[in-house]
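Read through the structure below, which is laid out as structure tokens, and then see the notes.
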Amino acid sequence: MVSFGAAALFVALRVLLTVTTSAAAPIASPQTTEAAASSSYWLSTITRQGTVAFGNSNFQIYRNVKDFGAKGDGSTDDTAAINNAISSGNRCGQGCDSSTVTPALVYFPSGTYVVSQPIIQYYYTQLVGDALSIPTLKAAAGFTGMAVIDSDPYMEGGANWYTNQNNFFRQIRNFVIDLTAMPATAGAGIHWQVGQATSLQNIRFEMVKGGTGNAQQGIFMDNGSGGFMTDLTFNGGNYGAFFGNQQFTTRNLTFNDCNTAIFMNWNWAWTLKSVSINNCKVGVDMANDPSNQTVGSVLLLDSKITNTPIGVNTSFSSNSVPTGGGTLILDNVDFTGCTTAVQDYTGKQILAGGSVVPSWGQGRGYTGSAAQRIQGDISGAPSKPASLLSSGKVFERARPQYESLPVSSFISLKSKGAKGDGSTDDTAAIQSALDGLTSGQVLYIDHGAYVVTKTITVPAAKDIKITGEMWPLIMASGTFFSDQSNPKPVFQVGETSGAAGTFEMSDVIFETLGPAPGAILMEWNIASAEQGNAGLWDVHFRVGGSAGTKLQSDTCAKNPTANHSANDACLGSFMMLHITKNSNAYLENVWLWTADHELDLADHNQIDVYNGRGMLVESQGPVWLYGTAAEHSVLYNYQFANAKNIYYALIQTETPYFQPNPDATTPFKTQANYSDPDFSTCTTEACKSAWGLRIVDSSDIWGYGSGTYSFFSNYNQNCLATESCQENMISVENSSSVNLFAVSTKASTNMIVQDGKSMALDSDNRSNFCATLAMFAVA
Ligand SMILES: *[C@@H]1O[C@H](CO)[C@@H](O)[C@H](O)[C@H]1NC(C)=O
Ligand SMILES: *[C@@H]1O[C@H](CO)[C@@H](O)[C@H](O)[C@H]1NC(C)=O
Ligand SMILES: *[C@@H]1O[C@H](CO)[C@@H](O)[C@H](O)[C@H]1NC(C)=O
Ligand SMILES: *[C@@H]1O[C@H](CO)[C@@H](O)[C@H](O)[C@H]1NC(C)=O
Ligand SMILES: *[C@@H]1O[C@H](CO)[C@@H](O)[C@H](O)[C@H]1NC(C)=O
Ligand SMILES: *[C@@H]1O[C@H](CO)[C@@H](O)[C@H](O)[C@H]1NC(C)=O
Ligand SMILES: *[C@@H]1O[C@H](CO)[C@@H](O)[C@H](O)[C@H]1NC(C)=O
Ligand SMILES: CC(=O)N[C@H]1CO[C@H](CO)[C@@H](O)[C@@H]1O
């Protein structure tokens with residue numbers, strides 16, 4: 001999320017249309033109408049009790065577009081009504097950097113909504129369609145503008161409304177987006193230029209098929225720092241999806257009848273899991289600018305390409321530039337429906353089609369004592385543990401939307417006595433609401449801020465399900481969470497490690513209210529018998545930087561001009577997420593963010609918040625991490641300790657911008673029983689920086705893509721010139737069967753150290769922005 005000019009600007013030339021919305025429409029805010037209640041989908045009929053705790057308590061969060069005059073009748077132009085539903089009530093639009101106190105959940109009942117200009121998705125907005133009868137957004141024949149939905153409009157002169165890397169907290173779910181009435185020469189479904197805590201789910205894009213001059217694309221993504229998307233279908237178009245972003249995880253995408261299914265314009269790292277491509281001309285085109293590749297790496301996993309002559313188009317060769325660029329990992333990809341699995345940009349075949357490719361890679365491989373350029377089968381690759389697999393693929397499960405449950409199954413937390421007002425102690429009310437749930441019920445956390453002063457325990461055997469309204473906040477506060485030498489869980493999922501049961505949670509945010517250096521925001525103990533029945537989807541951890549946290553720019557302003565120790569008033573938590581020894585876990589789109597800048601106060605300045613640790617995994621597995629990121633914790637962002645059978649598909653980290661002022665040895669004391677790193681062998685200050693990823697005493701670790709970044713030394717970026725903002729980034733210690741693919745690090749002199757010894761230098765493996773290794777394996 002750092003903003004600086006060095007970020008890649010590799011976007012193909014295209015016409016950018018600036019669109020102004022009809023802003024003059026009056027604000028309508030009726031709460032419900034008969035037309036609106038046309039479906040049995042619980043989300044449209046549940047009683048609305050959510051409020052904004054740290055802003056206007058009368059702010060309207062839930063908006064049904066039909067209440068704002070949208071017809072959804074297939075002929076009326078609904079553009080103005082929909083945009084009014086999104087924008088009304090002084091929300092965070094043009095000229096607003098970010099805000100967490102004007103959230104909107106905008107609901108679309110079933111119907112066909114014709115639009116002639118973009119639907120502009122403001123900051124902190126979820127656009128949700130009826131999951132039982134999915135609405136269609138239909139571009140009118142004369143549609144003008146960037147895309148049917150625009151997450152970050154361009155202004156005259158080329159600047160965006162929002163900084164792309166900071167364009168957080170948005171969702172779009174359950175839509176058909178139809179471009180077929182438009183001429184084939186124009187049209188895009190979603191302009192998705194986003195950062196973390198964003199998702200697209202369950203969307204079908206309908207586009208014109210084939211034809212000459214077809215220029216339609218389902219998704220247009222120019223840049224950003226994301227992110228996650230899943231369960232999307234692209235029918236027709238020139239590019240099903242045009243992708244460009246620092247890093248991204250995508251899962252379960254289907255492409256039918258596109259010219260090119262995926263055009264990868266640029267990235268640092270991108271994981272494509274479970275892609276199905278049918279009847280296209282090219283599957284994945286990552287060959288942009290052969291003279292100087294713009295794509296860092298692509299991982300294509302558990303995928304199938306049928307009736308498509310060319311699988312992957314690439315610019316990598318034995319002497320391509322940059323040396324680590326154009327990295328490609330193929331893992332269980334079925335090319336039986338391709339003539340050519342991989343070709344170079346001139347059309348020369350590199351790998352023939354006609355078969356399933358178990359494991360293949362190109363890039364710089366590091367398998368023992370030396371890195372070298374590889375292009376071919378990765379022989380001798382060990383097989384993945386069975387506990388991670390389902391029908392030969394790595395297991396995956398989309399976020400539950402509970403579409404088959406009646407509204408009566410949802411139990412409101414506010415109805416159970418919690419206030420969610422940002423000041424009342426809601427500990428007892430939350431505990432009693434959990435204890436009182438009966439089988440088949442779902443706890444609905446109405447929007448609000450729920451203060452918690454003691455541990456809340458989720459009873460494992462009760463099979464608890466929880467979903468939130470627009471990311472309600474659970475905030476740890478008080479003396480119970482103040483002692484870092486005696487840390488206490490805030491939200492304990494399962495009584496003790498290995499407690500048997502199931503658990504599901506979606507759309508909730510965990511924070512601290514003031515310093516809580518003795519708080520473990522979530523302790524994950526639960527062990528589910530079935531794969532994926534203990535999981536988090538779109539659940540985030542956000543420490544400081546937003547309204548109500550007391551860890552904001554007025555208290556925790558950065559201070560790079562003098563050497564200083566940590567300000568006790570700006571300590572975050574002990575640890576954000578602890579996945580304990582006997583548990584198992586499925587995590588999807590989970591962001592562990594210690595705020596590096598202010599989201600709500602007008603200055604939006606950089607801040608110093610000291611959070612001890614990001615994610616500690618001690619589980620024996622299975623653990624699946626899809627689209628997770630952890631940033632700016634002091635000791636480490638990810639640590640796997642005594643862990644086993646862990647799979648991740650794209651993890652992303654950033655080192656605190658203030659380090660080494662102060663360095664990673666302060667203010668959190670090393671605790672052996674949490675396997676903390678102690679930096680005792682460091683001889684330089686640059687060495688005493690947070691580990692992006694530390695793997696210790698562990699085995700069977702399967703990493704499919706990582707972007708671990710260091711952008712500053714005490715807020716200074718001079719170290720980027722020498723790619724040396726810190727000394728080490730990834731540590732593998734006393735571990736076996738560690739299989740890391742497409743490893744990208746930024747500005748760390750040593751990319752990876754194994755048992756204290758440097759295994760790969762940044763300077764040997766430069767890519768377009770990071771340094772990249774195609775693979776790093778420890779037997
Ligand atoms: C993102 O892409 C847009 C459009 O090409 C460009 O104006 C902007 O500079 C890019 N930003 C970054 C950080 O690359
Ligand atoms: C993949 O997405 C489709 C919708 O595009 C959905 O029907 C299917 O259940 C998803 N599969 C998985 C494994 O999530
Ligand atoms: C490749 O492109 C990058 C980014 O634009 C630039 O900094 C670098 O100098 C280029 N390298 C070559 C060899 O052209
Ligand atoms: C492969 O990439 C090259 C370089 O970008 C491009 O010229 C060529 O048209 C691509 N091939 C196909 C079949 O799209
Ligand atoms: C870790 O050790 C500290 C002190 O040595 C102790 O207070 C704490 O309870 C221990 N924690 C665990 C999880 O064992
Ligand atoms: C801070 O400490 C470093 C390392 O000891 C030293 O080089 C630097 O001059 C100090 N800066 C200030 C402002 O005192
Ligand atoms: C190495 O890791 C194993 C667990 O994989 C552990 O039992 C052993 O004690 C560790 N050895 C050292 C020296 O830490
Ligand atoms: C061994 C090898 O490929 N080294 C290369 C690493 O990257 C640098 C910078 O791109 C090249 O100069 C080296 O030749």
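All ligand and atom numbering here is 1-based and tracks the order in the structure. We use all heavy atoms of the structure for the numbers below, so side chains are in, but hydrogens, waters and symmetry mates are not. As the structure is a prediction and not an experimental result, all values here were calculated from the model.
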Check Arg399 with Asp507, please: is the shortest side-chain N to carboxylate O separation under 4.0 Å?
yes
Please confirm whether Ala287 comes within less than 3.5 Å of ligand 4 when only nitrogen or oxygen atoms on both sides are compared.
yes
Side-chain donor-acceptor pair under 3.5 Å between Ser225 and Gln165, yes or no?
no
Output yes when the distance from some N or O of ligand 4 to some N or O of Asn313 is under 3.5 Å, and no in every other case.
yes
For ligand 2, protein residues within the heavy-atom limit of under 4.0 Å are Asp231, Thr233, Asn252
Which side-chain N or O atoms in residues 338-345 pair as donor and acceptor under 3.5 Å with protein atoms at least two apart or in another chain?
| from | atom 1 | to | atom 2 | distance (Å) |
| --- | --- | --- | --- | --- |
| Thr340 | OG1 | Gln349 | NE2 | 2.8 |
| Gln343 | NE2 | Asn313 | OD1 | 2.9 |
| Asp344 | OD1 | Thr346 | N | 2.9 |
| Asp344 | OD1 | Thr346 | OG1 | 2.5 |
| Asp344 | OD1 | Gly347 | N | 3.2 |
| Asp344 | OD1 | Lys348 | N | 3.1 |
| Asp344 | OD2 | Thr346 | OG1 | 3.4 |

Counting each atom of ligand 4 from 1 as listed, which ones have a heavy atom of Ile310 under 4.0 Å away?
13 (C)
Counting from 1, what ligand 3 atoms have a heavy atom of Val321 closer than 4.0 Å?
13 (C)
Closer than 4.0 Å to some heavy atom of Val282 - which atoms of ligand 4 meet that?
13 (C), 14 (O)
Can you confirm if the NZ or CZ of Lys746 lies within 45° of the ring axis of Phe711 and under 6.0 Å from the centre of its six-membered ring?
no
So, taking the atom named CH2 in Trp268 and the one named CG in Asn245, what distance separates them when rounded to the nearest 0.5 Å?
9.0 Å
For a quick check under 3.5 Å, do Ser291 and Asp289 share a side-chain donor-acceptor pair by atom type?
yes
Ile119 side, atom CD1; Ser151 side, atom OG - distance, nearest 0.5 Å
12.5 Å
Tell me whether Arg397 forms a cation-pi arrangement with Tyr586, defined as NZ or CZ under 6.0 Å from the six-membered ring centre and within 45 degrees of its axis.
no
